[in-house]
2 protein chains.
Amino acid sequence: MAEKNQKQINRENLLSQGVALLMAQGYHGTGLKEILDAVNIPKGSFYNYFGSKENFGAEVIQHYIEPFIQELSGHMQNNDGNALGALARYYAELIEGAEKAEFKGGCLLGNLMGEISDTSPLCQASLQVAVKRYRDLLRTALQQAQEQGTIRTDKSAEEMANLLVDSWQGALLRMKIEKSTSPLKYCIDNLLNDLFRP
Amino acid sequence: MAEKNQKQINRENLLSQGVALLMAQGYHGTGLKEILDAVNIPKGSFYNYFGSKENFGAEVIQHYIEPFIQELSGHMQNNDGNALGALARYYAELIEGAEKAEFKGGCLLGNLMGEISDTSPLCQASLQVAVKRYRDLLRTALQQAQEQGTIRTDKSAEEMANLLVDSWQGALLRMKIEKSTSPLKYCIDNLLNDLFRP
DNA sequence: GCAAATAATACGACCGGTTGTCTTATTGTG
DNA sequence: CACAATAAGACAACCGGTCGTATTATTTGC
């Protein structure tokens, strides 16, 4: 029974390394062998865990977004009646992380949307699900802030969630070429502390 | 001397096909052979025109952005004292183009920022230049609209240009996975017709 | 309860094809 | 004929994926 878990462990290791390597080098820029070597699993075994590279990619996408959803959920659950503050603290953490990563990586979802959503229907569908989950969470947070009077109500929470996601993605891309987190800082400051205010 | 031109013509054809194929399949998803075949240039000849694939990529980036700068410049030059209107019409054209392309492609700059800016310093630098040129043009347009009283002045034109670029890039990514131009429409409508207004 | 039969998984060599790049040969031109 | 520009083809490395086999689990028969 410890062996039954081993398969799950191997799968998880592959997915984690997949996240790291796809973030750093992109989908087509990363070979399966590189991922397999990193977790010491032989080449021939890959297809015991995943049906294909494309299938693997679709699972990597879900494995990537999960921690972000958990983290954001956590911030929203124990905020002391200040949803906007919790949201701001969450993004401050993300910015800190981006600095520690030396402006590399950005968001795997954004990178893969650009690279393979046109050529891989499977990954496109996976990206759609992942983004929707994250966006819904953000919408709920903004809705809560609206009810608390810290965010304007003449614009729907959904619309603002979309704008926040889009601007953040664009800011991450600009961070990658300008090697600076100031696009991220300006993005969040402009939206949360100004344009979204009542 | 007709021969001297031929080399330039071949270079341009390679760059144009490069734009098209990199847009559709990404940098690592497109082989040199595919590009060369499309313009009937033998594989062995590639290095007569470009030093390497990476070098080629950096030139493709500049070749891609040029028409956009020309188009936007054109719109801004003959606007009848209505810079904001010209900007809105420009984006309306882009949205129309995105629909005709069936939501595929998006922006080559955005796609490549995500895919290779971390691994190719050459392309990163090229992207930086291309984005800056485009962003400066947008800033000038917004500045003009500010002077005409159609855009708020309590926020700098540069900040708004950044926000516009970022949101647009994010909206393009979401267009690619949702197969719809409504992210683009909402993005432009929210910014130009609402949040940026005085 | 033990052994034989069967199923499931792990594995590394290997598939045909393609990658970006480079060396060598050929071509065209002054 | 000299000389540069172009093309041909070779090159090793690598790609995603498949193969038969070896090892390990599980089920079956008695």
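Below, each value reflects all heavy atoms present in this structure, side chains not excepted, and no hydrogens, waters or symmetry copies. To find a chain, count down the sequence lines: A is the first, B the second, and so on, and within it residues start at 1. If you're wondering where the values come from, they're calculated on a predicted model, not measured in any experiment.
Rounded to an integer number of Å, the gap from A/Lys33 NZ to C/dT19 C1' is 17 Å. Regarding A/Gln25, its CD atom lies at a distance of 13 Å from the P atom of D/dC14, rounded to whole Å. To the nearest angstrom, P of D/dC15 lies 13 Å from CZ of A/Phe46. When the P atom of D/dA5 is taken as reference, atom CD of B/Gln8 falls 13 Å away, rounded to whole Å. The separation between A/His28 atom NE2 and C/dG20 atom C1' is 16 Å, rounded to whole Å. Between the CD1 atom of A/Ile41 and the P atom of C/dT9 there is a distance of 15 Å, given to the nearest Å. Distance CZ (B/Phe50) to P (D/dA5): 16 Å, rounded to an integer number of Å. Look at CG on A/Leu32: it is 12 Å from C1' on D/dC14, rounded to the nearest Å.
Taking the C1' atoms of five terminal pairs at each end of the helix from C/dG1-D/dC30 to C/dG30-D/dC1, the two resulting helix axes are inclined by 20°, rounded to 10°.
Contact check, A/Asn48 against C/dA10: a side-chain N or O comes under 4.0 Å of OP1 or OP2. The shortest distance between the side-chain N/O atoms of B/Tyr47 and the OP1/OP2 oxygens of C/dT23 is not below 4.0 Å. OP1 or OP2 of D/dT6 has not a single side-chain nitrogen or oxygen of B/Ser45 nearer than 4.0 Å.
Between A/Asp37 and A/Lys43 there is no salt bridge, since no side-chain nitrogen of the basic residue lies less than 4.0 Å from a carboxylate oxygen of the acidic one. With salt bridges taken as basic N to acidic carboxylate O contacts below 4.0 Å, none links B/Glu178 and A/Lys132. Comment: A/Lys185 engages A/Glu99 in a salt bridge, judged by a side-chain N to carboxylate O separation of less than 4.0 angstrom.
Not one N or O on the side chain of B/Asn55 forms a donor-acceptor pair closer than 3.5 Å with the backbone of B/Gly51.
Across D/dA7, C/dA13, C/dT19, the shortest atom-to-atom separation from the side chain of A/Lys43 is found for C/dA13.
B/Lys53 forms a cation-pi arrangement with B/Tyr27, by the criterion of a distance under 6.0 Å to the ring centre and an angle within 45° of the ring axis.
Annotation for A/Lys104: atom NZ does not count as buried by contact number, only 12 or fewer foreign heavy atoms lying within 6.0 Å.
A/Lys53 contributes no side-chain N or O that forms a donor-acceptor pair with the base of D/dG17 under 3.5 Å.
DNA chain C is contacted by both A/Gly44 and B/Gly44; A/Gly44 maps to the nucleotide lying nearer its 5′ end (nearest heavy atom per residue).
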**Item:** B/Arg135/B/Asp166 under salt bridge (charged side-chain N to carboxylate O under 4.0 Å, His left out): CA gap, chis, key distance, verdict
**Value:** CA-CA 10 Å; B/Arg135 207 157 36 102; B/Asp166 291 348; over 6 Å; no
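Using a 4.0 Å heavy-atom distance criterion, A/Tyr49 is classed as a sugar-phosphate-only contact.
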